[in-house]
Enquirer: 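Sharing a structure with you now.
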Amino acid sequence: MQEVRTRFAPSPTGFMHLGGLRSALYTYLFAKQNGGKFILRIEDTDQERFVEGATEVIYDTLRGCGIIWDEGPDIGGDYGPYIQSERKSLYLPYAKQLVEKGAAYYCFCTKEELDERRAACEAKGEVFKYDKHCLHLSKEEVQAKLDAGIPYVIRMNCPTTGETAYDDMVFGHLSFPNDTLDDMILIKTDGMPTYNFANVVDDHLMGITHVIRGMEYLSSTPKYNILYDAFGWEIPKYIHLTTVMRDAQHKLSKRDGDAYYSDFIEKGYLKEALINYLALVGWNPGDDREFFTMDELIQAFDVSHLNKSPGIFDVNKLTWMNGQYIAKMDFEEYLKMATPWFDKVLAGKGMDYRRLAELMQGRTEVFCQIPDMIAFLAKMPEFDPSLYVHKKMKCDETVAKENLEMILPVLESVVNWTEQNLHDTVMAAIEASGKKNGAVLWPLRIAISGQANTPGGAFEIAYLLGRDETLKRLRSALEKLH
RNA sequence: GGCCCCGUGGUCAAGCGGCCUAAGACACCGCCCUUUCACGGCGGUAACCCGGGUUCGAGUCCCGGCGGGGUCACCA
């Protein structure tokens, strides 16, 4: 059986779009699952869009996520070079070969002429399609223009009748009327191939067996197939992937800051969680499993479980999943990753980060939420005394005042400020007073934190705050209750 | 607009003619646990876009409508 070879062919724009990342993931999974090769190819035929350092972004993102290529620009391979601009000289002869066969032709129409005709067409409410104007130039006429140095492009010669059909492994049998096909440009004026052409040539030359890409190519695929046929090349198998959406009518976009891998990493999402979640947008394992390592994904991946309808990227669920990953991560690793976020509000406070991290790890869903969650440790927030009211704790403002007055001297008596001492001393005092635990501990926590939700109970918070700060906050809270 | 794709709860989704008075997950709500929250446990609200067929029987097949998306570049 033929070895499976798949490829991910991004353009170096400087950012990794999540949709692209997911395509890369699936492409990688498919290759690995079939014991095949995954190839990375950089598509930079558009010189105007070249961005410095953009290929490194692609390398780092992919590798960081565990999507490892077997052949690519930086590691080579038997089918190089793997950067399209370095293959520049390779395409023209193929285009000429097509011209020989009558499957393509030189076109001397200028951009301006085309724009004019397009505008005229659209004014009439019609769809512009190249009118094969230059197809009818004689060989001599073409040669004369070529000799005169007139700029040209090479266009493919699409059939205008009949239809072209193909089978997609996700969408099934698809067929398109040929009269809707446009004679797309293969070679641009600058001599560079268009994406469309380079893709076909490269995929063939690199022995790609399965083309996996976004469904935006669904309707241009017939043209590619016509090209393959013209060359007499074998058409690869197609796996078109649905678009990843933000909601039913919008794609993930740059403007909303939810489109790029880096957007999420900067907010404190874990790449493992991101990959895991991304795998599940538009695909399911056929059972209830949701958590996957890369190896497990390779095992479980199955094209037949790829969805045909667009998937919405649910940040909510990603966030939940991220929290699950964080809760399970190695503590030291968590501490290391959380420290810069702690520093944002606690730098220089001498806070016990290790203890803080223990309390926070199980409550962190995304690292960027940390500063808001612990800001109260740095500065006592203003709070409404109604926070003291809690029915289940049998507490209201009056009870709070009474119990806080009772507990203040108890805390003042604690010299060795450890959680254990705090706990033992306070609990003993509560028991001696005959009061309910909650009726004392609830207002105590409120008094020193100023908020209903905190990463830990009264003892933990008191410990983190330290003796002086705790007592200061408690006295101040008491004053406000008068 | 032409062509193409898609259409199960708010979201992800199982379902590939009878097992569906439709799974599971996120979110939401309630209860339990707990010094709060979270975690965990238990329970709940919530869906087959509409209309025609085909069939003994349709969420599942076909057609139409509607809705959403994609594509119509010397961008990739």
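A note on names: the letters A, B, ... follow the listed sequences, proteins ahead of strands, and every chain is numbered from 1.
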Enquirer: Please state whether the phosphate of B:A76, meaning OP1 or OP2, lies under 4.0 angstrom from any side-chain nitrogen or oxygen of A:K188.
Expert: yes
Enquirer: Compute whether any side-chain donor of one residue and acceptor of the other, for A:T454 and A:R445, lie under 3.5 angstrom apart.
Expert: yes
Enquirer: Quick one, give me the B/S/- string for nucleotides 1-10 of chain B, reading 5' to 3', where B means a protein heavy atom under 4.0 Å from the base and S means that only happens at the primed atoms, P, OP1 or OP2.
Expert: B-SSSSS---
Enquirer: In whole Å, I'd like the distance from the CE atom of A:M427 to the P atom of B:U35.
Expert: 7 Å
Enquirer: Could you tabulate the donor-acceptor pairs under 3.5 Å formed by side-chain atoms of residues 170-179 of chain A, not counting sequence neighbours?
Expert:
unit_1: A:H173; atom_1: ND1; unit_2: A:D167; atom_2: OD1; d: 3.0
unit_1: A:S175; atom_1: OG; unit_2: A:E163; atom_2: OE2; d: 3.3
unit_1: A:N178; atom_1: OD1; unit_2: A:T164; atom_2: N; d: 3.3
unit_1: A:N178; atom_1: OD1; unit_2: A:T164; atom_2: OG1; d: 2.6
unit_1: A:N178; atom_1: ND2; unit_2: A:T161; atom_2: O; d: 2.7

Enquirer: Counting side-chain heavy atoms from CB outward, which of B:U36, B:A25, B:A73 is closest to A:K317?
Expert: B:A25
Enquirer: Just call it for A:M393: base, sugar-phosphate, or nothing, with non-hydrogen atoms closer than 4.0 Å on any strand.
Expert: sugar-phosphate
Enquirer: Taking the C1' atom in each of B:A27 and B:C12, what is the distance between them to the nearest angstrom?
Expert: 11 Å
Enquirer: Partner lookup for B:C66, please. Criteria are Watson-Crick or G-U wobble with both distances under 3.5 angstrom; report none if nothing qualifies.
Expert: B:G7
Enquirer: Partner lookup for B:G2, please. Criteria are Watson-Crick or G-U wobble with both distances under 3.5 angstrom; report none if nothing qualifies.
Expert: B:U71
Enquirer: Regarding A:Y217 and A:N199, is there a side-chain donor-to-acceptor distance under 3.5 Å anywhere?
Expert: no
Enquirer: Report the distance from atom CD of A:Q369 to atom P of B:C37, rounded to the nearest whole Å.
Expert: 18 Å
Enquirer: Under 4.0 Å, heavy atoms only, any strand: does A:L280 hit a base, just the sugar-phosphate, or nothing?
Expert: sugar-phosphate
Enquirer: What nucleic acid atoms does A:Y217 come within less than 4.0 Å of, heavy atoms only: base, sugar-phosphate, or nothing?
Expert: base
Enquirer: Would you kindly give the CZ-to-C1' distance between A:F197 and B:C75, to the nearest whole Å?
Expert: 17 Å
Enquirer: Nearest whole angstrom, please: distance from the P of B:U34 to the CG of A:L441.
Expert: 14 Å
Enquirer: Is A:G457 touching bases, backbone alone, or none of the nucleic acid, heavy atoms closer than 4.0 Å?
Expert: base
Enquirer: May I ask you to check whether A:T364 and A:Y334 show a side-chain donor-acceptor distance below 3.5 Å?
Expert: yes
Enquirer: Can you check whether A:R118 has a side-chain N or O nearer than 4.0 Å to OP1 or OP2 of B:A73?
Expert: yes
Enquirer: Students often get this wrong, so: under 4.0 angstrom with heavy atoms, is A:F459 touching a base, only sugar-phosphate, or nothing?
Expert: base
Enquirer: Determine the interatomic distance between P on B:G10 and the same-named atom on B:C49; round to the nearest Å.
Expert: 12 Å
Enquirer: What integer distance in Å separates A:I446:CD1 from B:C37:C1'?
Expert: 10 Å
Enquirer: Roughly how far apart are A:D202 CG and A:F197 CZ, rounded to 0.5 Å?
Expert: 9.5 Å
Enquirer: Between B:A23 and B:C48, how far apart are the two C1' atoms, rounded to whole Å?
Expert: 14 Å
Enquirer: Tell me which nucleotide, if any, is Watson-Crick or G-U wobble paired with B:A23 when both distances must be under 3.5 Å.
Expert: none
Enquirer: When you match A:V281 and A:W442 each to their closest nucleotide on RNA chain B, which lands nearer the 5' end?
Expert: A:V281
Enquirer: Among B:C12, B:A13, B:A23, find the nucleotide with the atom closest to the side chain of A:D288.
Expert: B:A23
Enquirer: NA contact type, A:C121, heavy-atom cut-off 4.0 Å: base, sugar-phosphate, or nothing?
Expert: nothing
Enquirer: Using the closest heavy atom to pick a nucleotide of RNA chain B for each, name whichever of A:I312 or A:E460 lands nearer the 5' end.
Expert: A:I312
Enquirer: Which nucleotide, if any, forms a Watson-Crick or G-U wobble pair with B:A76, using both distances under 3.5 Å?
Expert: none
Enquirer: Could A:K267 and A:F264 be counted as a cation-pi pair, given that NZ or CZ must be under 6.0 Å from the ring centre and within 45° of the axis?
Expert: yes
Enquirer: Is B:C48 paired to anything, Watson-Crick or G-U wobble with both distances less than 3.5 Å, and if yes, which nucleotide?
Expert: none
Enquirer: A:N199 CG to B:C75 P: how many Å, rounded?
Expert: 15 Å
Enquirer: Taking only the P atom of each, what is the distance from B:A73 to B:U54 in whole angstrom?
Expert: 44 Å
Enquirer: B:G18 and B:C26: how far apart are their C1' atoms, nearest whole angstrom?
Expert: 32 Å
Enquirer: Is there a side-chain contact between A:N284 and the phosphate of B:A13, meaning an N or O under 4.0 Å from OP1 or OP2?
Expert: no
Enquirer: Using a cut-off of 4.0 Å on non-hydrogen atoms, how would the nucleic acid contact of A:G456 be classed: base, sugar-phosphate, or nothing?
Expert: base
Enquirer: Can you tell me the distance, in whole Å, between the CZ atom of A:F313 and the C1' atom of B:A27?
Expert: 16 Å
Enquirer: Would you say the side-chain atoms of A:N276 and A:Y325 include a donor-acceptor pair closer than 3.5 Å?
Expert: yes
Enquirer: What is the pairing partner of B:G59, taking Watson-Crick or G-U wobble pairs with both distances under 3.5 Å in any strand?
Expert: none
Enquirer: What interatomic distance, in whole Å, is found between P of B:U8 and the corresponding atom of B:A14?
Expert: 10 Å
Enquirer: How many angstroms lie between CG in A:L274 and OH in A:Y277, if you round to the nearest 0.5 Å?
Expert: 10.0 Å
Enquirer: Taking the six-membered ring of A:F128 as reference, does the cationic atom of A:R117 (NZ for Lys, CZ for Arg) lie under 6.0 Å from its centre and within 45° of its axis?
Expert: no
Enquirer: What distance, rounded to whole Å, do you find between the two P atoms, one in B:G65 and one in B:C3?
Expert: 11 Å
Enquirer: For A:L318 and B:U11, give me the distance from atom CG to atom P, rounded to whole Å.
Expert: 17 Å
Enquirer: Ignoring hydrogens and angles, are the base of B:U35 and the side chain of A:K392 linked by a donor-acceptor pair under 3.5 Å?
Expert: no
Enquirer: Taking the same atom, C1', in B:A13 and in B:G7, what whole-Å distance lies between them?
Expert: 14 Å
Enquirer: Can you tell me the pairing partner of B:C39 across any strand shown, Watson-Crick or G-U wobble, with both distances under 3.5 angstrom?
Expert: none
Enquirer: Enumerate the residues from residues 319-327 of chain A whose closest heavy atom to RNA chain B is under 4.0 Å, giving them by residue number; use none for an empty result.
Expert: A:W320
Enquirer: Report yes or no: do A:T319 and A:Y269 form a side-chain donor-acceptor pair below 3.5 Å?
Expert: yes
Enquirer: Working to the nearest 0.5 Å, report the span between CE of A:M184 and CG of A:L227.
Expert: 5.0 Å
Enquirer: Please check if the number of heavy atoms outside A:K436 that lie under 6.0 Å from its NZ is greater than 12.
Expert: no
Enquirer: Can you find a donor-acceptor N/O pair under 3.5 angstrom joining the side chain of A:Y195 to the base of B:A73?
Expert: no
Enquirer: Does A:K129, at its NZ atom, have more than 12 non-hydrogen atoms belonging to other residues, nucleotides or ligands within less than 6.0 Å?
Expert: yes
